Amino acid sequence: FLLFSLLSTTLLQGILAPQASAATKAEQQAFIKELVKPAQELQAELGVPASVSIGMAIEETGWGRSSMAGQMTINGQKVPVNALFNIKCHSTKKTKYQLGCVDVRTKEYNSNGSSYFVKDPFRSYASRGDSLKDFGLFLSTTPRYKNAFKFKNNADQFIVEVRKAGYATNPSYATSIQRHMKNNNLYQYNTASVGD
């Protein structure tokens with residue numbers, strides 16, 4: 001598959017981080033509304049709590065404001081990225097939802113909690129819906145996340161297990177997602193009896 005390379009170091013700065021200005025309440029509500037139905041469908045199909053999917057998308061994209069959540073200009077061309085979960089490309093084999101990969105500068109954390117930057121390839125998608133489906137497929141088929149699915153009815157513990165299994169290097173990642181779930185009452189979107 002195609003591996004896009006970003007040429008400008010300046011362009012790479014802050015790609016995964018949200019834009020400098022904060023999202024307005026209306027933008028936040030619109031972003032949540034966009035994700036509710038597909039997140040609930042994902043929960044019904046694979047068991048990932050909708051509140052976790054939405055909370056992670058908020059965290060990973062800064063309320064959809066990151067350039068990774070839409071289109072990026074690569075080699076002078078607009079390229080769809082639509083990555084809501086910033087899943088790295090670790091294989092040359094594309095998933096059924098994946099468009100390709102884009103190289104992006106990203107912040108990582110080492111074992112003592114210090115941050116550093118690296119350039120890594122991330123999966124890209126034709127749509128945000130495909131990103132959500134691929135995220136569910138990634139979690140449900142990657143053995144290290146198996147323990148999270150023991151907590152399909154406990155969204156807070158589900159994200160703790162996802163973090164413990166290595167989803168993010170940020171030591172406060174699970175706490176940040178739980179904060180999004182609580183502050184925005186994302187638990188209300190969980191289907192069946194899933195909640196906090």
Side-chain angles (χ1 to χ4, degrees), residues 16-19 21-70 80-87 95-99 122-142 144-168 170-196:
L16 293 179
Q19 296 176 3
S21 62
T24 66
K25 193 65 172 167
E27 289 171 324
Q28 292 174 2
Q29 290 172 346
F31 188 68
I32 290 170
K33 184 178 179 181
E34 175 188 355
L35 297 181
V36 168
K37 185 178 180 193
Q40 288 176 330
E41 290 170 353
L42 178 64
Q43 182 175 357
E45 182 181 348
L46 297 174
V48 179
S51 60
V52 171
S53 298
I54 298 168
M56 288 177 71
I58 290 168
E59 181 72 13
E60 295 286 339
T61 68
W63 293 99
R65 296 168 61 87
S66 163
S67 57
M68 285 286 289
V81 180
N82 297 307
L84 296 178
F85 302 97
N86 300 323
I87 301 171
T95 70
K96 64 182 178 179
Y97 301 112
Q98 185 182 345
L99 185 63
F122 287 83
R123 295 180 188 182
S124 63
Y125 306 93
S127 70
R128 287 179 171 182
D130 284 349
S131 177
L132 194 63
K133 291 173 186 173
D134 194 51
F135 164 71
L137 183 67
F138 175 73
L139 286 185
S140 64
T141 61
T142 305
R144 71 181 193 219
Y145 299 114
K146 183 180 179 182
N147 201 49
F149 287 88
K150 294 177 183 174
F151 300 96
K152 293 187 285 188
N153 293 321
N154 182 337
D156 285 330
Q157 191 61 37
F158 188 97
I159 188 58
V160 167
E161 298 302 324
V162 167
R163 164 61 186 102
K164 276 202 255 180
Y167 187 85
N170 181 345
S172 62
Y173 188 80
T175 304
S176 295
I177 305 307
Q178 290 168 343
R179 186 171 39 253
H180 291 307
M181 292 191 298
K182 288 179 175 99
N183 291 347
N184 299 285
N185 191 21
L186 299 181
Y187 302 107
Q188 69 180 309
Y189 303 117
N190 290 331
T191 58
S193 62
V194 178
D196 59 345

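Worth saying up front: this structure is predicted, and the values here are computed from it rather than measured.
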Margin query: Please check: side-chain N/O of Ser66 versus main-chain N/O of Met68, any donor-acceptor pairing under 3.5 Å?
Written below: yes
List the atom pairs, donor and acceptor, that lie under 3.5 Å between side-chain atoms in residues 31-38 and the rest of the protein, sequence neighbours left out.
residue	atom	partner	partner atom	Å
Glu34	OE1	Arg128	NH1	2.9
Glu34	OE2	Arg128	NH1	3.3

Next item on the list: Kindly indicate whether the side chain of Ile87, heavy atoms from C-beta on, has any atom under 4.5 Å from the side chain of Tyr167.
Entry: yes
Next item on the list: Identify the heavy atoms of Ala69 and Leu84 that sit nearest to each other, and give their distance.
Entry: CB-CD2, 4.5 Å
Notebook entry, point to check: Hey, are the side chains of Val52 and Met181 touching, using non-hydrogen atoms and a 4.5 Å cut-off?
Noted result: yes
Next item on the list: Taking the side chain as every heavy atom from C-beta outward, state whether Thr95 and Arg123 have any pair of such atoms under 4.5 Å apart.
Entry: yes
Check: Quick one: OG on Ser176 to CD1 on Ile58, what's the gap to the nearest 0.5 Å?
Finding: 11.5 Å
Note to self: Could you tell me if the side chain of Asp156 sits less than 4.5 Å from the side chain of Tyr187, heavy atoms only?
What the structure shows: yes
Checklist line | Partners meeting salt bridge (charged side-chain N to carboxylate O under 4.0 Å, His left out) with Glu27 (sequence neighbours left out) | finding: Arg65
Checklist line | Between NE2 on residue His180 and OG on residue Ser51, distance to nearest 0.5 Å | finding: 12.5 Å
Notebook entry, point to check: So which heavy atom on Ser53 is nearest to which on Ala39, and how close?
Noted result: CB-CB, 4.2 Å
Notebook entry, point to check: Do Asp134 and Tyr125 come within less than 4.5 Å of each other through their side chains, counting heavy atoms only?
Noted result: yes
Checklist line | Side chain proximity check, Asp130 to Leu99, heavy atoms < 4.5 angstrom | finding: no
Next item on the list: State which residue, out of Tyr145, Phe149, Phe151, fulfils the ring-ring contact (aromatic ring centres under 6.0 Å, His included) condition with Phe158.
Entry: Phe149
Notebook entry, point to check: Can you tell which of Thr191, Ile54, Asn190 makes a side chain to side chain contact (heavy atoms under 4.5 Å, CB included) with Gln40?
Noted result: Thr191
Notebook entry, point to check: Does the side chain of Thr61 reach to within under 4.5 Å of the side chain of Phe85, using non-hydrogen atoms?
Noted result: no
Note to self: Would you compute the distance between atom CD of Glu59 and atom CZ of Arg179 and round it to the nearest 0.5 angstrom?
What the structure shows: 7.5 Å
Next item on the list: Compare all side-chain heavy atoms of Pro171 with those of Arg163 and state whether any distance is below 4.5 angstrom.
Entry: yes
Check: Given the rule in the side-chain contact (heavy atoms from CB on, under 4.5 Å) test, do Gln178 and Val160 qualify, once you have shown the distances and angles that lead to the verdict?
Finding: CA-CA 9 Å; Gln178 290 168 343; Val160 167; 3.4 Å; yes
Check: Judged by atom type as modelled, is there a donor-acceptor pair below 3.5 Å linking the side chain of Gln157 to the main-chain atoms of Asn154?
Finding: no
Margin query: Give me the atom names and distance for the closest heavy-atom approach of Ala148 to Val162.
Written below: CB-CG2, 3.8 Å
Margin query: Rounded at 0.5 Å granularity, tell me how far OG in Ser140 sits from CZ in Phe135.
Written below: 10.0 Å
Item checked: salt bridge (charged side-chain N to carboxylate O under 4.0 Å, His left out) partners of Lys164, counting only residues at least two apart -> Glu161
